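Data first, discussion second: the structure below is written as structure tokens.
As the structure is a computational prediction, the values presented were derived from the model and not from experiment.
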Amino acid sequence: MAGLQQTNSEKILLSWVRQSTRNYPQVNVINFTSSWSDGLAFNALLHSHRPDLFDWNAVASQQSPVQRLDHAFNIARQHLGIEKLLDPEDVATACPDKKSILMYVTSLFQVLPQKVTMEAIREVEMLPGHSRVTREEHIQVHHQQRFSQEVSCFTFLLSSCCSKLVVSLPYPVSLM
């Protein structure tokens with residue numbers, strides 16, 4: 001089940017990226033490796049959500065892949081608070097490290113708007129090498145995320161409440 005969730009999470013993340021970069025004809029993200037090596041995908045993703053930060057045409061047409069990657073990582077650090085976790089030279093290769101790209105894109109996902117449509121997920125499923133995510137699996141992942149958030153909130157409230165209760169008791173508490 002954990003492998004299925006990871007696969008679904010990757011599909012949802014890839015769907016979000018494709019949906020966000022849809023209006024950038026030079027960008028076609030189909031994976032978390034080679035699709036990112038020219039720097040265009042990172043910049044398009046940032047520009048799609050924050051077009052006020054830079055001129056897309058200047059970045060897309062005038063810079064080398066390393067310069068574009070450096071630009072994207074600097075914009076994300078300066079304006080979104082995401083540390084420069086990747087070196088442009090390590091990404092500007094034929095096949096950059098998938099886990100590193102996933103980690104960085106996930107960081108972007110956490111600070112940028114996250115709306116993902118079922119249409120975008122279906123589109124990813126049509127790409128070569130991707131299995132289908134059913135509507136039920138998508139709902140299950142969503143419910144698991146909400147349940148996890150609710151448990152965290154409940155745990156925090158419970159620990160806060162119990163610590164006050166223990167502090168206010170006039171006698172020692174034992175668990176027998």
(request) Not counting sequence neighbours, which residues clear side chain to side chain contact (heavy atoms under 4.5 Å, CB included) with Val66? List them please. (result) Ser64, Pro88, Glu89, Ala92
(message) Could you work out, with side chain to side chain contact (heavy atoms under 4.5 Å, CB included) as the rule, every residue matching Thr106, not counting sequence neighbours?
(response) Leu13, Gln110
What's the separation between atom [atom1] in [X] and atom [atom2] in [Y], rounded to the nearest 0.5 Å?
X: Leu46; Y: Trp56; atom1: CG; atom2: CH2; value: 10.0 Å
X: Asn74; Y: His79; atom1: CG; atom2: NE2; value: 9.5 Å
X: Ser15; Y: Arg122; atom1: OG; atom2: CZ; value: 10.5 Å
X: Leu112; Y: Leu45; atom1: CG; atom2: CG; value: 6.0 Å

(message) Just checking His49 against Trp16, ring centres under 6.0 Å apart?
(response) yes
(request) For residues Ile101 and Leu86, determine if any side-chain heavy atom of one lies less than 4.5 Å from a side-chain heavy atom of the other. (result) yes
(request) Evaluate the side-chain proximity of Phe73 to Leu85: yes if any heavy-atom separation is below 4.5 Å, no if none is. (result) no
(request) Please report the closest heavy-atom contact between Val27 and Ala41, naming both atoms and the distance. (result) CG1-CA, 3.9 Å
Between the side chain of [X] and the main-chain N/O of [Y], is any donor-acceptor distance below 3.5 Å?
X: Ser107; Y: Met103; value: yes
X: Gln19; Y: Lys115; value: yes
X: Asn43; Y: Arg68; value: yes
X: Arg18; Y: Val124; value: no
X: Ser35; Y: Ile30; value: yes
X: Thr33; Y: Cys95; value: no
X: Arg77; Y: Ile82; value: no
X: Asn31; Y: Ser34; value: yes

(message) Among residues at least two apart in sequence or on other chains, which ones pass salt bridge (charged side-chain N to carboxylate O under 4.0 Å, His left out) with Asp38?
(response) none
(message) More than 12 heavy atoms of other residues, nucleotides or ligands under 6.0 Å from NZ of Lys84: yes or no?
(response) yes
(message) Between Thr93 and Asp90, do the side chains contain a donor N or O and an acceptor N or O under 3.5 Å apart?
(response) no
(message) Set out, in order, the CA-CA distance, both residues' side-chain angles and the distance that settles salt bridge (Lys or Arg N to Asp or Glu O under 4.0 Å) for Asp52 and Arg50, then state yes or no.
(response) CA-CA 5 Å; Asp52 58 305; Arg50 294 290 309 272; 3.0 Å; yes
(request) Can you label the angle between the Trp36 ring and the Phe42 ring as parallel, tilted or perpendicular, going by 30° and 60°? (result) tilted
(request) Classify the angle between the aromatic ring planes of Tyr24 and His47 as parallel (below 30°), tilted (30 to 60°) or perpendicular (above 60°). (result) perpendicular
